[in-house]
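Computed from a predicted structure; not experimentally measured. Nothing fancy with the numbering, it's 1 onward along the sequence. Indexing begins at 1, ligand by ligand and atom by atom, following the structure's order.
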Amino acid sequence: MENGSPINIKTMSSAPQGDTNPKGTNIVWHEASVDRQSRAQQRGHRSAILWFTGLSGSGKSTLANAVNAALFEQGLATYVLDGDNIRHSLCKDLGFSDSDREENIRRIGEVAKLFLDAGVIVLTAFVSPFRADRDKARKLVDVDDFIEIHCAADLSICEERDTKGLYAKARAGEIKDFTGISSPYEEPASPELKINTGEQSLDSCVEIVLKTLLNRKVIPAKHQPVS
Ligand SMILES: Nc1ncnc2c1ncn2[C@@H]1O[C@H](COP(=O)(O)OS(=O)(=O)O)[C@@H](OP(=O)(O)O)[C@H]1O
Ligand SMILES: Nc1ncnc2c1ncn2[C@@H]1O[C@H](COP(=O)(O)OP(=O)(O)O)[C@@H](O)[C@H]1O
């Protein structure tokens, strides 16, 4: 780690507090043999959840993947969880009703927490339109571990981009409950980062995220991959 300083993070490999499994019986928590702190020490960087939220077409996937590539280049352990992809697998049973979106984000919050415990910087790119659902994901982890990044592009710009042709279909009534058109998007009240992905260049947006990770000591100033 930078200047040889230790990485101090709250380990999460212990049993969660409270009744988290009301349906379960005869289930015993197993302590992990390797904890998060040890992984961070070995890898030379801490883990974090970078939670990208915004309208379809706002640039979540593009920005998350560009940041991911930059971090990977520096030898850091990273992974992107992307809405479109996860909806082909873990969440393929879910649609776009409010309750399905809530369940989608609940699962992603839990998966992101596992990545955090595994010592990985995980970047999630989901519309995640409801504030309450994002806040639930935030509350699963320690305060320093969750960085909410609002990809703030105006609806008009997203609609103009219409990279997948979905806005045109939503306007034509061919897709119901489409975020921004027929389903709400609740902007984050106080995200760690609000980036104008509608007007700023991709490179400058990547720079903003990387600078924030440096300032928050998620990533070291200079990271040399283990050879
Ligand atoms: N009704 C409706 N509303 C919004 N988006 C829709 C819808 N139907 C399909 N899509 C496509 O699915 C992607 C959004 O999935 P998410 O899992 O991120 O959505 S959510 O967080 O559960 O709201 C979203 O991907 P992105 O464009 O990358 O945001 C769309 O391509
Ligand atoms: N600053 C920026 N950040 C991210 N995407 C941008 C930016 N400027 C332009 N774009 C473009 O906007 C589109 C965003 O699409 P995408 O990343 O799929 O959005 P989302 O995942 O939010 O649906 C892409 O065509 C991308 O090249």
Open item on the list: For the 3.5 Å polar cut-off, considering only N or O atoms, please tell me whether Cys205 and ligand 2 meet it.
Closed with: no

TODO: Return a yes/no value for Leu63: is any of its N or O atoms, backbone included, closer than 3.5 angstrom to an N or O of ligand 2?
DONE: no

TODO: Specify side chain, backbone, both or neither for Val127, according to which of its non-hydrogen atoms lie closer than 4.0 Å to ligand 2.
DONE: neither

Task: Which residues share a ring pair (Phe, Tyr, Trp, His ring centres under 6.0 Å) with Phe72, sequence neighbours left out - done: none

Nearest protein heavy atom to [atom], by residue and atom, and its distance?
atom	result
atom 19 (O) of ligand 2	Gly59 N, 3.1 Å
atom 23 (O) of ligand 2	Gly57 N, 2.7 Å
atom 22 (O) of ligand 2	Lys60 NZ, 2.8 Å
atom 3 (N) of ligand 2	Leu202 CD1, 3.6 Å
atom 25 (O) of ligand 2	Thr163 CG2, 3.5 Å
atom 26 (C) of ligand 2	Thr62 OG1, 3.7 Å
atom 7 (C) of ligand 2	Thr197 O, 3.6 Å
atom 9 (C) of ligand 2	Arg161 NH2, 3.2 Å

Open item on the list: Distance under 4.0 Å to a non-hydrogen atom of Ser56: what atoms of ligand 2 satisfy this?
Closed with: 23 (O)

Task: Per-atom contacts of ligand 2 with Ser201, taking only distances under 4.0 Å to non-hydrogen atoms - done: 1 (N)

Open item on the list: Quick check on Leu55 - does any of its heavy atoms sit under 4.0 Å from an atom of ligand 2?
Closed with: yes

May I ask you to decide if [Y]'s main-chain N or O and [X]'s side chain share a donor-acceptor pair within less than 3.5 Å?
X	Y	answer
Asp162	Gly165	yes
Tyr167	Arg161	no
Asp82	Phe126	no
Arg43	Leu76	no

Under 3.5 Å, which donor-acceptor pairs do the side chains of residues 147-159 form with other protein atoms, sequence neighbours left out?
| residue | atom | partner | partner atom | Å |
| --- | --- | --- | --- | --- |
| Glu148 | OE1 | Arg138 | NH2 | 3.0 |
| Glu148 | OE2 | Arg134 | NE | 2.8 |
| Glu159 | OE1 | Arg171 | NH2 | 3.0 |
| Glu159 | OE2 | Arg171 | NE | 2.7 |

Open item on the list: Taking salt bridge (Lys or Arg N to Asp or Glu O under 4.0 Å) as the definition, give me every residue that meets it alongside Arg216, ordered by chain and number, with sequence neighbours left out.
Closed with: none

Ligand 1: protein N/O within less than 3.5 Å of ligand N/O:
| residue | atom | partner | partner atom | Å |
| --- | --- | --- | --- | --- |
| ligand 1 | 1 (N) | Asp177 | O | 2.8 |
| ligand 1 | 3 (N) | Arg101 | NH2 | 3.1 |
| ligand 1 | 3 (N) | Thr179 | N | 3.4 |
| ligand 1 | 15 (O) | Arg87 | NE | 3.2 |
| ligand 1 | 17 (O) | Arg87 | NE | 2.7 |
| ligand 1 | 17 (O) | Asn104 | ND2 | 2.8 |
| ligand 1 | 18 (O) | Val127 | N | 2.9 |
| ligand 1 | 21 (O) | Val127 | N | 3.4 |
| ligand 1 | 21 (O) | Ser128 | N | 2.8 |
| ligand 1 | 22 (O) | Arg87 | NH2 | 2.9 |
| ligand 1 | 22 (O) | Asn104 | ND2 | 2.8 |
| ligand 1 | 23 (O) | Arg101 | NH1 | 2.8 |
| ligand 1 | 25 (O) | Lys164 | NZ | 3.2 |
| ligand 1 | 27 (O) | Ser56 | OG | 2.5 |
| ligand 1 | 27 (O) | Lys164 | NZ | 2.7 |
| ligand 1 | 28 (O) | Asp84 | OD2 | 3.4 |
| ligand 1 | 28 (O) | Lys164 | NZ | 2.9 |
| ligand 1 | 29 (O) | Lys60 | NZ | 2.8 |
| ligand 1 | 31 (O) | Asp84 | OD1 | 3.4 |
| ligand 1 | 31 (O) | Lys164 | NZ | 3.1 |

- [ ] Could you tell me whether the side chain of Leu123 reaches within less than 4.5 Å of the side chain of Phe52, counting heavy atoms only?
- [x] yes

